[in-house]
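Here is the structure we will look at, set down as structure tokens.
Throughout, a chain's letter reflects where its sequence line sits, starting with A, and its residues are numbered from 1.
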Amino acid sequence: MSRYSAAEIEAKWQEAWERAGIFRAERAEGRPKYYVLEMFPYPSGRIHMGHVRNYTMGDVVARYKAATGHNVLHPMGWDAFGMPAENAAMEKGGHPKDWTYGNIADMREQMKPLGLSIDWSREFATCDPEYYGQQQALFLDFLDKGLVYRKNAVVNWDPVDMTVLANEQVENGRGWRSGALVERRELTQWFFRISDYAEDLLAALERLDNWPPKVKTMQANWIGQSRGLQFAFSLIDGPEGHDRVEVYSTRPDTLMGASFIGVSPDHPLARQLEKDDADLAAFNAECRRMGTSEEELEKAEKKGYDTGLRARHPFDTSWELPVYVANFILMDYGTGAIFGCPAHDQRDLDFARKYDLPVRDTFVPAEPDADVASPEAGGPAYVPPKSEAVRYVRGFAGPEHQTGEAAVEAAIRFCEDNGVGQGVTKYRLRDWGLSRQRYWGCPIPVVHCEACGVVPERKENLPVTLPDDVSFDQPGNPLDRHPTWRDCACPACGKAAQRETDTMDTFVDSSWYYARFTAPRSETPTDRAEADYWMNVDQYIGGIEHAILHLLYSRFFARAMHVCGHLPEKSQEPFDALFTQGMVTHEIYMTRDAGGRPVYHLPEDVAQGYLKATGEPVEVVPSAKMSKSKKNVVDPVSIIERFGADTARWFVLSDSPPERDVEWTDAGAEAAHKHLARVYRLVAEIAQEPAEAAPQDADTALLREMHKTIHDVTAGVDSFGFNAAIARLYAFTNTLARTQAGGAAKREAARALAQLMAPMTPHLAEELWQMLGGEGLVARASWPRADESMLVDDTVTLPVQINGKRRAEIEVPAELEKSEVEKRALATDAVQRALDGGQPKKVIVVPGRIVNVVV
RNA sequence: GCGGGCGUGGUGGAAUGGUAGACACAAGCGACUUAAAAUCGCUAGGGCGCAGCCCGUGCGGGUUCGACUCCCGCCGCCCGCACCA
């Protein structure tokens, strides 16, 4: 008998699948379709274990759905624009295009041996002119519908990458890619009107039943809905055009505690005043320089500048409040102006004490804490608990007892009734700035004409392709200094004009690729017949790191594409179900240098806990994210060469639940490989055995176990319980290896085993299927069905508890009556001993489960 | 500060309110072998006076015949957001 040779088996069956063309997806009206998609990779040049895990999960779903009668679409492509290609060009010379397409070819070669059931005929890269040309067409459609616009705005400028970043791409005040401190610059940029969809994007989250709650919460927080009052303070002798200041407050119930007005340094009023006030101009300039990173904000003092202006309180016109420009007020949020209520906001209180402003309580705690001084008496700000505290809204609306939210609503109503402002709902979500000052991206298809202004390019002139003759020997955007590419004719008047040299944020590319996969060669962005059939993505799988950016942008894009007629109404939420998988981690070996900084080592340089070269003891951190710098990367290619793809697939699915991190261990991978070899030997033996029956009991027992396994594995695969499904397959293999059943029953069980393993280890499964004389490819065999009648045993072993503690077991027929079960349980020695001649207080019989005797 | 999640053997982890630790890793013992590898079998939460009993799912309480699971209060760790008015 031959040994398990993954290399031979895998090559053989990949070729067989290829020949049969079984993964090519074609529209078939009337057949249930299933679209499974994993987040497409960036072509860095190497696949990593995270890819293996991600695509294996998707492949399990795709193969399982195909086996259960679905018409499956499972495509693959490349998120191919972006900075690394330009960085490589700058560092090593060469062209971003060559670098990118070279990497794609390499990665495709690394990925194919995994045996994924992908329809490669649909492959595309976002840097293909055929793709980004359609993206330009979308841009023009969006422009037409007012979904994208140009404005002058203060933007986040990344000084290292020399480009603008969207709010979502700034983390702790630093660029998400470069890590550089972001500066604020005023530029004219293109924006998607995503904020118009804030309410819908928030409300629709509730209907995404098959999304992780965590992701929905993160998106909801990002969209940031708040309810408050917007109203104005009138200014006494304000400058020209500024007789009032609009403020927004989520706490209008504290209005009677107001003690100052604060405006942002970027507020129009501040900008007006600084023209005649050099000190204020200096103060504002200082504020604008200040970064927004967490450390800086922690340290930064709350500073204000008294403009000398006074404002009138809306409920008491004799009450005047000073107007400050303050460094902690954001122009981006609300109206860029606030009223400060020191008694009930710690930040306002700090500010008030610093500038000697009044502190006035408006609430009385329901149960005042005698040990804590009131804010008026020098204590901390009193912030009433949101839901519990009954409090007074002192000073207006009478001494009204209200709790939390209701008090706010009551205050809004009261203010509206008295002609002071109106209740409004605001969102934190800002419009998405998409202009990037980069070369390697999708050109924005507009032209700047001296006579006509900004003119959209004509659709028949698309794609506006990137020029190949560019150099990266100096920083900045090579399109800006290209001698001829910018020159063009104005699409409106025909006179000489200049192209926009900004390109689109690469997140645009990934915001609609899922729709393009339904008709990747279409001459329009989508083909409605195909999109209507294949959309939505039934199961989307990817990393949690995309919880906000990519998934929010995609949800917006799907809506916008629907408005333009490129997607059906149902696809406004493009991903019916989302699964976020964990990382693959691996241990790291480290020592410390003289300064206590960690130094990382490759596993082969370590022996028995000591560094081979120096004999230093090595610390082992068991579970860290794989990264080059930590020298703990496991290369999938070498794993596949050593063990085969089936082993890699089996291992990344076993051990840990898919949403959690899984730790890669060599021992685990070896064990996975041994197990597959064992299954191979076992099934090869069974295939040789004569197909005869054995004692009835043994055959029935094996087949019962088989049906239970079919049931459990199906349930596992159906609900992303891959680790549990694999554990069940281990157990079934153990049963099959030890059974006394005859050849016929064993053969039937082995066939089921091959089928159940097929989604996870498809090559081995084909080989087993063939050995067992299965018809055709197991990849196209229909999923086995569990026979309900085989799932219940004739007799069951019931634990007998005394006062909730297990004390005995009884074997009873499964259908035995409750009263008889009770009788037998009471007859056990353990229960007799416990009763000591007395009567039980109570006996609980849960049929098929347990008996509990209370004494 | 706000929001969310998690806490079970040496390790990864399993358990519709019903026998806690399935399955696997690592470990130990044994069989086969001249030997090793491979393979197969066995042991395995802790403890005690070991046919039996006690303790045990972060800690303290509660509900229940019965709690890893539900409720209340702590502790610890992780993640997301945050000068957001």
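- Comparing the C1' positions of B:G41 and B:G46 gives an interatomic distance of 27 Å, to the nearest angstrom.
- A salt bridge links A:E670 with A:R642: the closest approach of a Lys/Arg side-chain nitrogen to an acidic carboxylate oxygen falls below 4.0 angstrom.
- Residues A:F722 and A:P658 approach most closely at CD1-CG, 3.7 Å, considering heavy atoms.
- B:C65 sits 45 Å from B:G30 when the C1' atoms are compared, rounded to a whole Å.
- A distance of about 15 Å separates the C1' atoms of B:C75 and B:G61, rounded to the whole Å.
- Note on ring orientation: taking the six-membered ring where Trp is involved, the planes of A:W664 and A:F651 are perpendicular (angle over 60°, cut-offs 30° and 60°).
- For A:R806 and B:G18, the shortest distance from a side-chain N or O to OP1 or OP2 is not below 4.0 Å.
- In this entry the distance linking CG of A:L552 with C1' of B:G80 reads 14 Å, nearest Å.
- Between the CD1 atom of A:I544 and the C1' atom of B:G3 there is a distance of 14 Å, given to the nearest Å.
- For the pair A:R824 and A:E811, the tightest heavy-atom approach, listed with the atom from each and the gap, is NH1-O, 4.0 Å.
- Contact annotation for A:Y248: base contact, defined as any heavy-atom pair under 4.0 Å involving a base atom.
- OP1 or OP2 of B:C55 has at least one side-chain nitrogen or oxygen of A:K805 nearer than 4.0 Å.
- Judged by distance alone with a 3.5 Å cut-off, a donor-acceptor contact links the side chain of A:K302 to the base of B:C83.
- OP1 or OP2 of B:C40 lies within a sub-4.0 Å distance of a side-chain N or O belonging to A:R678.
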Exercise. Walk me through it: do A:Y333 and A:S226 pass the test side chain to side chain donor-acceptor pair (under 3.5 Å)?
Key: CA-CA 11 Å; A:Y333 191 77; A:S226 70; 3.0 Å; yes

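- Across the interface with RNA chain B, nearest-nucleotide mapping of A:K842 and A:D655 shows A:D655 to be the residue nearer the 5′ end.
- A:I726 comes within 4.0 angstrom of no nucleic acid atom, judged by non-hydrogen atoms across all strands.
- Across the protein-nucleic acid pair, A:I338 atom CD1 and B:C84 atom P stand 10 Å apart, rounded to whole Å.
- Comparing B:G18 with B:C68, their P atoms sit 10 Å apart, to the nearest whole Å.
- With a glycosidic angle further than 90° from 0, B:C78 counts as anti.
- Relative to the side chain of A:R428, the nucleotides B:C81, B:C65, B:U39 differ in distance, and B:C81 lies closest.
- RNA chain B is contacted by both A:V853 and A:E809; A:E809 maps to the nucleotide lying nearer its 5′ end (nearest heavy atom per residue).
- Aromatic rings from A:F328 and A:F351 are positioned such that their centres are separated by under 6.0 Å.
- Of all nucleotides listed (B:C65, B:C83, B:U39), B:C65 comes nearest to the side chain of A:V854.
- A:R251 has its CZ atom 13 Å from the P atom of B:C84, to the nearest Å.
- Atom CG of A:L798 is separated from atom C1' of B:G18 by 11 Å (rounded to the nearest Å).
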Using atom names, set out every protein N or O paired with an N or O of nucleotides 14-17 of chain B below 3.5 Å, distance rounded to 0.1 Å.
residue : atom : partner : partner atom : Å
B:A14   : OP1  : A:N723  : ND2          : 3.3
B:U16   : O4   : A:R849  : NE           : 3.2
B:U16   : O4   : A:R849  : NH2          : 3.4

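- Comparing the P positions of B:U69 and B:G17 gives a spacing of 11 Å, expressed to the nearest Å.
- On the P atoms, B:C78 is 25 Å away from B:C72, given to the nearest whole Å.
- Phosphate proximity of B:U64 to A:N852: absent, as no side-chain N or O sits under 4.0 Å from OP1 or OP2.
- B:U63 and B:C29 have their C1' atoms separated by 47 Å, given to the nearest Å.
- When each of A:N723, A:T714, A:D712 is checked for a side-chain hydrogen bond (donor to acceptor under 3.5 Å, both in side chains) with A:R728, only A:D712 meets the rule.
- The CE-P distance, from A:M331 to B:A85, rounds to 16 Å in whole Å.
- Look at CG on A:D661: it is 18 Å from P on B:G5, rounded to the nearest Å.
- Between A:Y333 and B:A85 there is a side-chain N or O to OP1 or OP2 distance below 4.0 Å.
- B:G9 shows a glycosidic angle within 90° of 0 and is accordingly assigned syn.
- With hydrogens and angles disregarded, a donor-acceptor distance shorter than 3.5 Å links the side chain of A:R704 to the backbone of A:V792.
- Note on A:T250: only backbone sugar-phosphate atoms sit closer than 4.0 angstrom, heavy atoms only; bases stay farther off.
- Comparing B:A24, B:C65, B:C55 by their nearest atom to the side chain of A:I844 picks out B:C65.
- The aromatic rings of A:H313 and A:F233 sit perpendicular, their planes meeting at an angle over 60°, well past the 30° parallel limit.
- Side-chain proximity of A:R347 to the nucleotides B:C53, B:C23, B:C83 is greatest for B:C83.
- Residue A:Q801 is in base contact, counting any heavy-atom pair closer than 4.0 Å across all strands shown.
- Of the side-chain N and O atoms in A:R807, one or more sit less than 4.0 angstrom from OP1 or OP2 of B:C54.
- Closest non-hydrogen pair, A:I194 versus A:R430, comes out as CG2-O, 3.3 Å.
- Counting non-hydrogen atoms under 4.0 angstrom, A:K841 reaches nothing in the nucleic acid.
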Exercise. Take A:E246 and A:Y248, measure what side chain to side chain donor-acceptor pair (under 3.5 Å) needs, and give me the verdict at the end.
Key: CA-CA 7 Å; A:E246 284 274 328; A:Y248 171 70; over 6 Å; no

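- For the pair A:L229 CG and B:C84 P, the computed distance is 19 Å after rounding to whole Å.
- When all heavy atoms of A:L229 and A:G423 are compared, the closest pair comes out as CD1-N, 4.0 Å.
- A:N734 comes within 4.0 angstrom of the backbone, heavy atoms only, and of no base.
- The base of B:C81 lies outside donor-acceptor range of the side chain of A:N221, with no N or O pair under 3.5 Å.
- In RNA chain B, runs of at least 3 consecutive Watson-Crick or G-U pairs, each pair with both distances below 3.5 Å, span B:1-7 with B:75-81, B:10-12 with B:23-25, B:27-31 with B:39-43, B:45-48 with B:52-55, B:58-62 with B:70-74.
- Ring planes of A:Y553 and A:W432: parallel class, angle under 30° (limits at 30 and 60°).
- Rounded to a whole angstrom, the distance from the C1' atom of B:G62 to that of B:A67 is 11 Å.
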